[in-house]
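For reference, the structure is listed below as structure tokens.
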Protein chains: 2
Amino acid sequence: MAFTFQINNTLKFKHDEKLLAKAEACRPVIHKKEYSPSGIVELCENPALLGGWGVREGEKKIDNISEYGLKRDDRIILDFGDHRVGTFRIHIDQTGSPMDAPLYLRIKFAEMPVELAAQSENYDGWLSRSWIQEEFVHLDELPADLVLPRRYSFRYVELMVVDTSPKWQAVFSNPAVITESSASYEGFTPLKLEDHKLQKIYDVGVKTLADCMQDVFEDGPKRDRRLWLGDLRLQALANYATFDQPDLVKRCLYLFAAMTTEEGKISANIFTKPKVVPDDTFLFEYSLFFISTLYDYHEAHPDLDFVCELFPIAKCQMDITLSMFDGEGRLLVDDDYPVFVDWSNDFNKDTAGQAEVIYVLKQFIALAKAIDVPEEEMAEYGQALERISCYAKERLYDQEKSLFVTSVNEYNIGSQVWMVLAHVMDDEENKKIMQAAVREFFPVKNIATPYMYHHIVQALFEAGLKDEAVQLMKDYWGKMIALGADTYWEAFDPDCPDYSPYGSPIVNSYCHAWSCTPVYLIKKYLT
Amino acid sequence: MAFTFQINNTLKFKHDEKLLAKAEACRPVIHKKEYSPSGIVELCENPALLGGWGVREGEKKIDNISEYGLKRDDRIILDFGDHRVGTFRIHIDQTGSPMDAPLYLRIKFAEMPVELAAQSENYDGWLSRSWIQEEFVHLDELPADLVLPRRYSFRYVELMVVDTSPKWQAVFSNPAVITESSASYEGFTPLKLEDHKLQKIYDVGVKTLADCMQDVFEDGPKRDRRLWLGDLRLQALANYATFDQPDLVKRCLYLFAAMTTEEGKISANIFTKPKVVPDDTFLFEYSLFFISTLYDYHEAHPDLDFVCELFPIAKCQMDITLSMFDGEGRLLVDDDYPVFVDWSNDFNKDTAGQAEVIYVLKQFIALAKAIDVPEEEMAEYGQALERISCYAKERLYDQEKSLFVTSVNEYNIGSQVWMVLAHVMDDEENKKIMQAAVREFFPVKNIATPYMYHHIVQALFEAGLKDEAVQLMKDYWGKMIALGADTYWEAFDPDCPDYSPYGSPIVNSYCHAWSCTPVYLIKKYLT
């Protein structure tokens, strides 16, 4: 994920070397594999696809690539057949007269054709333009094997000759990507589904997850490339449902646990290269989801020692959270520690935040029980759960409408979804709530993250509205596929497919792990 | 030098391995030396300097460089104090929040401030834009030591942060150039001259030559970077007058000798990296100057074995040249094998070309005599010299005007200069010719190469017009210095200082060896 900028760079963080060493011990093997392009393609307008751009086969053939001499402004687009994360190399020679000037080359990497249509020089968004996957390279001597040192995330590689000289042309051969991922397909049998649409939705989700599984769970391999706690929670769930590599989750939890602030608060995300550094950004429920991720881990791979080890860190998050409630059990939201729920800031998040605390507090109490924390130590948490739930039921629930309301008397989908996921009401009432939500808020408007869509779908499943849940998956993730997705996107608003939170598709992340969750939802609710 | 493009890429060249091995044996040591910048400067308008641009000290100080945090669009210009040829490295770190995006950096290398004022993206010249010394670099992880792999030619380095993120800034420290040159200052004592202007002209010439002395004599270390035969002839003369490293000349002569066309013709220039390759460009007198360069070598460092070894190659050039004369001794110029004389094509070059042949033929006959080529073998060359000289004197010389005329009845400076250098007439007549040339053609118009100015100055000296020769050196090379030159330029028209043969100063070569010859002229004629 990405969000508006917080700057807290005077904060001090702990570095628990023991926990960092355990994180290090869980460092995954990075599997590498070499792929050649499947073809040479041309960019073409296609109104059915994202941004109105697609590719088609052209006159040039990949088998004949070394026969094409490229001069000033000539370009070819290599299609690597599917989404790839890795390094790129190519052999370059020249034809014609001797090379009387350097070769100047622009190499552009694109996950989606729409990125190839965008002009980098026109980019004027608020995110760093350093994320644009475009390199300019001079080669003084040919032949040469150009091996780019950086890792890219792409399906397409556009090679443009900025200049040679009128006397010679550049000739390319043996392009290859060496992909990188810590996901291991060994021992993983993907689900076989009868519904072809769901099968495709599932398969693209698996690929999305795999390409984000690196040294840690990255949010997106193209952009951000870091470990976000809220994203980790969903990636971990998707991981248990597919590759099931628990050590990678363990590694990530150790990293968060090792580097809290001095008061014990967990950062929303961690940078891992060149060394591990917690970001100075904090999101209310991202810190809290440390507990949730630990709970889910223990559900998938029971490990009481691990829970014991991290329980104090989990407790600290809960204590910080509970200190934000008033005596009546009402969450007092703090703008400096914002409730996320979704990127959209067009709806009030107080009630959703309140529900998230109930959701996590239940898991926290369950974890405490599992490791036999004495009841007297846990009494206050039980009381808090009671108080906060009561406040929700009595003060925030509108029985007439079967909908939760926010502190500003607003009814929104976020509140309903999280109250249902938290099981604040009983199953019957939950069903009513989601039915009301479908009536009131469907089709969903102004929500652009698969992260939020995931929670809507899961709430539908939890409320027993299976058909609606499946339909929403098909309408949302299925539409990304129809628009050309090889992997799922960081942001997608079906009403406005071209929307970019950053002002240009070239910095959009078209492979983003928080959107891979259909693999989890399908396995959990449909098999 | 550079010239219009010839394409003859179907030609076959010989590769005489024995001669190539000898060239290899003469490969020079490249001396490396590290320099730090002398300051941080700001670009400023200055009508007195080239293109109206200079630099001045700014608020930022080089000693404090690591205290400046640079964000999007910020830039600093490092001044390395003098012209440098070499590789560049710098340490880069960051300050502020953790690095949440790559650093994207533009690094521009400039020999002259005017290049920093030019916008690369607006370049629309006919020379390859790949010569623009500008790199775009992404760094995913900081701190890092950025070591650029290419060699640059520059005094100024502009570091521009294309982007970081709003949360952090880039910090630079320890910038350095590691210079490269095969010129050895050991054992070389530069001349001490009383005339301060001449001293400065001499000193800048020495620096120009040194920076072009690399693996071979390069024409310019910024652009072209190859071994041109016409340029070599002047570099060799300047070399004997200064560093006096004969092996480098020997190496270059071996290279040309080793790779003639199958008919024996020598290419105008040779590429040396990654392997030696003769260019498919041919210039009439450049091939011929192989003889002249061999002659000058033997004058400076008598070496009969070397002359013997290369004499057959020299003879072949002369034979090709003589086949281009008619029975009366008149050169029939061939557009596919153009007479160069100067870049300008605004004057007729027939008579200058005729004179160049006389100039070289005399040296050729002298070489033959030195190595005792039997007289009968040389008879035809003596006759040719007689015939060609006669044609010049009788058909091309206008006694009334004391000027040579061309085949199209044109009087131009090129004809006079080369006829005087060839000593076609006696000393008295030569003086008259150059006096007439000064009257008719001074101030010199429409000549933009120091190469041609060199020959004008030398002809003045040869004709006994020492004051005029010195004055022209001061007016021409002195003016480059006044405009800010640290080294002499490839092209310079005093009437139009901003002239670029390429449409933009950013591809001009401001350190070009064919303009270093004042070091030779001063030593030969003024000491």
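Every chain is numbered from 1 and lettered A, B, ... according to where its sequence line falls, protein lines coming before strand lines.
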Review point. Does A:Q6 offer a backbone N or O that forms a donor-acceptor pair with the side chain of B:K167 under 3.5 Å?
Key: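 Between the backbone of A:Q6 and the side chain of B:K167 there is a qualifying donor-acceptor contact (under 3.5 Å).
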Check your understanding: Between the main-chain N or O of B:P102 and the side-chain N or O of A:S130, is there a donor-acceptor pair closer than 3.5 Å?
Key ->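 Indeed, once roles are kept as given, a pair shorter than 3.5 Å links the two residues.
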**Study point:** Options B:D280, B:T164, B:L11, ranked by heavy-atom pairs under 4.5 Å with chain A, top entry
**Key:**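 Heavy-atom pair counts peak at B:D280.
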Exercise for review: Go through B:H138, B:K273, B:E121, B:E135 and name the one with the most non-hydrogen pairs under 4.5 angstrom from chain A.
Suggested key: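 Most pairs with chain A among the choices: B:H138.
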Check your understanding: Between A:R150, A:R151, A:R225, which has the largest tally of heavy atom pairs under 4.5 Å with chain B?
Key ->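 When all of A:R150, A:R151, A:R225 are compared, A:R150 has the most.
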Exercise for review: Sort out for me which of A:K275, A:R129, A:E134 touches chain B most, counting heavy-atom pairs under 4.5 Å.
Suggested key: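 When all of A:K275, A:R129, A:E134 are compared, A:R129 has the most.
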At a 4.5 Å cut-off on heavy atoms, which part of [X] comes close to chain A: side chain, backbone, both, or neither?
{"X": "B:L142", "result": "backbone"}
{"X": "B:F271", "result": "side chain"}
{"X": "B:V277", "result": "side chain"}

Review point. Between B:S97 and A:I7, what is the shortest heavy-atom contact and its length?
Key: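 Closest pair (atom of B:S97, atom of A:I7, distance): OG-CG2, 3.8 Å.
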Point to revise | Shortest non-hydrogen contact from B:D163 toward A:L127 | key: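 B:D163 and A:L127 have their closest heavy atoms at OD2-O, 4.3 Å.
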Check your understanding: For B:K71, does the NZ atom sit with more than 12 other heavy atoms under 6.0 Å from it, leaving out its own atoms?
Key ->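 Atom NZ in B:K71 is not packed in, count stays at 12 or less.
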Review point. Side chain, backbone, both or neither: which part of A:I132 has a non-hydrogen atom closer than 4.5 Å to chain B?
Key: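 For A:I132, backbone heavy atoms alone lie under 4.5 Å from chain B.
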Practice item. Give, as side chain, backbone, both or neither, the part of A:P278 having an atom under 4.5 angstrom from any heavy atom of chain B. Key: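 Contact with chain B involves the backbone of A:P278 alone.
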Review point. Can you tell me how far CG of B:N269 sits from CG of A:D100, rounded to the nearest 0.5 angstrom?
Key: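 Separation between the atoms: 8.5 Å.
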